[in-house]
Amino acid sequence: MTTIQNMKTEIELILEAKIIEAVKSLYEVEVPKQAIQIQNTRKEFTGDFTVVVFPLLRWSKKSPELTAEMIGDFLLENEIEVDGFNVVKGFLNLELRNGFWPTQFQEIYDNPEFGRSVINNEDPCLVEYSSPNTNKPLHLGHIRNNLLGYSVSKILEANGHKVVKTNIVNDRGIHICKSMLAWKKWGNNETPETTCIKGDHLVGKYYVRFEQEYRAQVGSLINGGMEKPEAEKNAPLLQEAHDMLRDWEKGDTEVIKLWKMMNDWVYAGFDITYKNLGVDFDVIYYESETYKLGKKLVEKGLGKGVLFKKEDGSIWADLKDEGLDEKLLLRSDGTAVYMTQDLGTAVQRYNDYHFSDHVYVVGNEQNYHFQVLKLILKKMAYPWSDHLFHLSYGMVELPEGKMKSREGKVVDADDLIEEMIDTARVMSEELGKLDGYTEVEKNSIYRKVGLGALKYFILKVDPKKSMTFDPRESVDFNGNTGPFIQYTYARINSLLKKADERSIEWKNVSPGDVVMSDKEKDLVKLIRHYKFVIKESSKSLNPALVANYCYDLVKEYNQFYHDYSILREENQDFKVFRLQLSAMTGRVIKSGMELLGIEVPEKM
RNA sequence: GGCUCCAUAGUUCAAUGGAUAGAAUAGCGGUUUCCUAAACCGUAGAUCCAGGUUCGAUUCCUGGUGGAGCUACCA
């Protein structure tokens, strides 16, 4: 991803230039920028910024310590911001003048858009996520997908990208025919209304039913002496499902009618889940519409000689030159496969939006699929194929192993959301802090906290890594959790409210000369770091960076809050500064959590 | 078999090639006449193995071991 952000006024750049100057003056060489390593000084050491001098030794031809001393001396004399330094091994720790951090803080505090960039590219970035099948309800794996997609969209926006959130609904194919067939055979005309079952769950029930009946058929065929692969292929139920798919592609009225009805049940169900999860989309594509374009593209590719046809009439892409295998694009009976649809969807989207980049949030089990998708589009000479990114995330596993949706061994999304909110309610009632609030207020807070716990638990993990979801741990609201962060926000909010109640003037006054303690300076540094975090998380499409940052910030603030008086501080300047520091921390928490799709409660 | 990814405290997660590998949780021990104790402090505990590159490797390279995924005319 490309990120444009104006960082020219940064102290790092000033120091970098000065160090280049120092080296030039001391050793008479012009060193490249890459050789200048500046990092934040680690807390154990004294100083604000640290220059790593090892890369400079080849020019200085002196020991690390001496090189550091010489550069330190030069900076002390020639750079007004540098007030002192110390050298530890090859590390030159620079100490900045007293006024530096207060000034930095005021700049940050006065900038209401701190951390965010203005839109700098009119062509949007498309983010596809969710991508459900319409044959079963959403589960834990989808939750990770949805949270990642939504959060990545927010993060890209914060970095100045226009974003179009999109969804592709896999509403056609053999999977939905399985549910349809099972409902037709054993459904007794059940509907969400007659059963009071959420539509997606009802359809899912028949998908499971199909699998059960199918397994039974395969079993009896094997008992009859058939080999397993043969039996799996020839089971009458599967044949019937395939017949149904062919009828569907032909436009058979009966089949289409059934298909529409059942899909509508599912959509109504999904809408509820999406709403509860707090995610949404700007545009939704349906494979039942894009697969036709996909088929046309395949025909076109065949005509151009980019693709080839086998004797049985199936159409393939030959990717052996690219180190991959042959890939089927159209079955011998002329029906489309997954790849056909995705080709069509991609082209359709480019025609619709002229996107600058397109992010696909899809599980890592489809790495091969996206590799192939890009290659085929490239072969077909679409220049934008280089701008497709597969945000490949790892599986969510349960402590007892993998989820298996065919066996019904899944954590259902709706159940999980409800459980989290319930747990939040129980915890909160035990603590009794919301006594006196209305039911509506309380429920709103339970929701925020329960979902905050769930979302943070999932988003704090690096997307590309597979993760273990332990229900017991996910409902923990202490430690490195969403509620811990929310709690800190609520505390800050309460503090500021008290300040206002006591008519303390703090919002728009300058605190004058403040000598910051180390703790306060650490907090300011960490707040300042937020914009780097946003930038980096956008570059790497990684919300976990934001999540872990929020935690670090809150941890730091809690220590400050514990050790320092704020409202009781007698020095007016210090009091104002600490209130502003608290308010700023709150703003960053809220902003960061927003990027994760997590709401923060005003009290809890 | 081939390709890809992963391996860090008991457990769940961190660590742009940099200083003494951080947290959380579970364990043990503390803090509340005071701005929300869903908090804070202390204690103990880890880089799969063997080489290599480097001033410096959890990070990069090679080999091994262990695990996951893909390799479907399913999506």
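Proteins get letters first, then strands, A, B, ... in listed order; numbering begins at 1 in each.
Taken from CG in Leu496(A) to CG in Leu579(A), the straight-line distance is 6.5 Å, to the nearest 0.5 Å.
The side chain of Lys320(A) contributes no N or O atom lying less than 4.0 Å from OP1 or OP2 of G2(B). Between Lys498(A) and U36(B) there is a side-chain N or O to OP1 or OP2 distance below 4.0 Å. Using a 4.0 Å cut-off, no side-chain N or O of Tyr368(A) falls inside it from OP1 or OP2 of A72(B). Look at Lys555(A) and you'll find a side-chain N or O under 4.0 angstrom from OP1 or OP2 of A24(B).
Counting non-hydrogen atoms under 4.0 angstrom, Met467(A) reaches the backbone sugars and phosphates but no base. Within the nucleic acid shown, Ala490(A) comes within 4.0 Å of at least one base atom, counting heavy atoms only. Contact annotation for Val52(A): base contact, defined as any heavy-atom pair under 4.0 Å involving a base atom. Within the nucleic acid shown, Thr468(A) comes within 4.0 Å of sugar-phosphate atoms alone, with no base atom in reach, counting heavy atoms only. Note on Lys465(A): only backbone sugar-phosphate atoms sit closer than 4.0 angstrom, heavy atoms only; bases stay farther off. Nucleic acid contact for Thr335(A): none, since no nucleic acid atom lies under 4.0 Å from a heavy atom of the residue. Residue Gln366(A) is in base contact, counting any heavy-atom pair closer than 4.0 Å across all strands shown. Within 4.0 Å (heavy atoms only), Gln37(A) reaches at least one base atom of the nucleic acid. Looking at heavy-atom distances under 4.0 Å, Tyr564(A) makes contact with a base.
Using C1' as the reference atom, G51(B) and A15(B) are 25 Å apart when rounded to the nearest Å. The same atom, C1', is picked in A14(B) and in C70(B); the two are 29 Å apart, to the nearest Å. Rounded to the nearest Å, the gap between the P atom of U8(B) and that of G67(B) is 14 Å. Taking atom P in both C6(B) and C61(B), one finds a spacing of 10 Å when rounded to whole Å. Taking atom P on both A21(B) and A37(B), the two are 34 Å apart, rounded to the nearest angstrom.
Distance Leu373(A) CG to A75(B) C1': 14 Å, rounded to the nearest Å. Per the geometry, NZ belonging to Lys460(A) stands 9 Å off P belonging to A14(B), to the nearest Å. Between the CE atom of Met339(A) and the C1' atom of C70(B) there is a distance of 12 Å, given to the nearest Å. Tyr456(A) places its OH atom 13 Å from the P atom of C13(B), with the value rounded to the nearest Å. Rounded to an integer number of Å, the gap from CG of Asn480(A) to P of A26(B) is 13 Å. Taking atom OH of Tyr549(A) as the reference point, atom C1' of C13(B) lies 20 Å away to the nearest angstrom. The nearest whole Å value for the distance from the NE2 atom in His369(A) to the P atom in A75(B) is 11 Å. Regarding Asn364(A), its CG atom lies at a distance of 18 Å from the P atom of C3(B), rounded to whole Å.
With a cut-off of 3.5 Å on both pairing distances, A9(B) has no Watson-Crick or G-U wobble partner at all. Remark: G1(B) base-pairs with U71(B). Criterion, Watson-Crick or G-U wobble with two distances under 3.5 Å. Applying the Watson-Crick and G-U wobble criteria (two distances, each under 3.5 Å), C34(B) pairs with nothing in any strand. Look at G17(B): it lacks any Watson-Crick or wobble partner with both distances under 3.5 angstrom. Across all strands shown, G45(B) remains unpaired; no Watson-Crick or G-U wobble contact has both distances below 3.5 Å. Across all strands shown, nothing is found opposite U54(B) as a Watson-Crick or G-U wobble partner with both distances under 3.5 Å.
Nearest to the side-chain atoms of Tyr551(A) among the listed nucleotides C73(B), A23(B), G18(B) stands A23(B). Here U25(B) is the nucleotide among A19(B), U25(B), C35(B) with the atom lying nearest to any side-chain atom of Asn478(A).
Side-chain atoms of Glu287(A) and Thr290(A) include no donor-acceptor pair closer than 3.5 Å. Counted by atom type alone, Asn170(A) and Tyr338(A) present zero donor-acceptor pairs between their side chains at under 3.5 Å. A side-chain N or O of Lys519(A) and one of Gln559(A) form a donor-acceptor pair less than 3.5 Å apart. If you check the side chains of Glu95(A) and Asn86(A), you find a donor sitting under 3.5 Å from an acceptor. No donor-acceptor contact under 3.5 angstrom links the side chains of Tyr285(A) and Asn167(A), judged on distance only. Side chains of Thr468(A) and Asp470(A): no donor on one and acceptor on the other come within 3.5 Å.
Residue side chain Thr488(A) does not reach the base of A39(B) through any donor-acceptor N/O pair under 3.5 Å, judged by distance alone. Side chain Gln371(A) to base U4(B): no donor-acceptor pair is found below 3.5 Å. Put simply, the side chain of Ser466(A) and the base of C6(B) share no donor and acceptor less than 3.5 Å apart.
Look at Phe45(A) and the base of A19(B); the rings stack, centres closer than 5.5 Å and planes less than 30° apart. The aromatic ring of Phe54(A) sits over the base of G18(B), with ring centres less than 5.5 Å apart and planes tilted by under 30°.
With a 6.0 Å cutoff to the six-membered ring centre and a 45° limit on the axis angle, Arg491(A) counts as a cation-pi contact of Tyr561(A).
In terms of position along RNA chain B, the nucleotide closest to Arg491(A) lies nearer the 5' end than the nucleotide closest to the other residue of the pair Arg491(A) and Asp563(A). When each of Leu328(A) and Leu545(A) is assigned the nucleotide of RNA chain B with its nearest heavy atom, Leu545(A) is the one assigned upstream, toward the 5' end.
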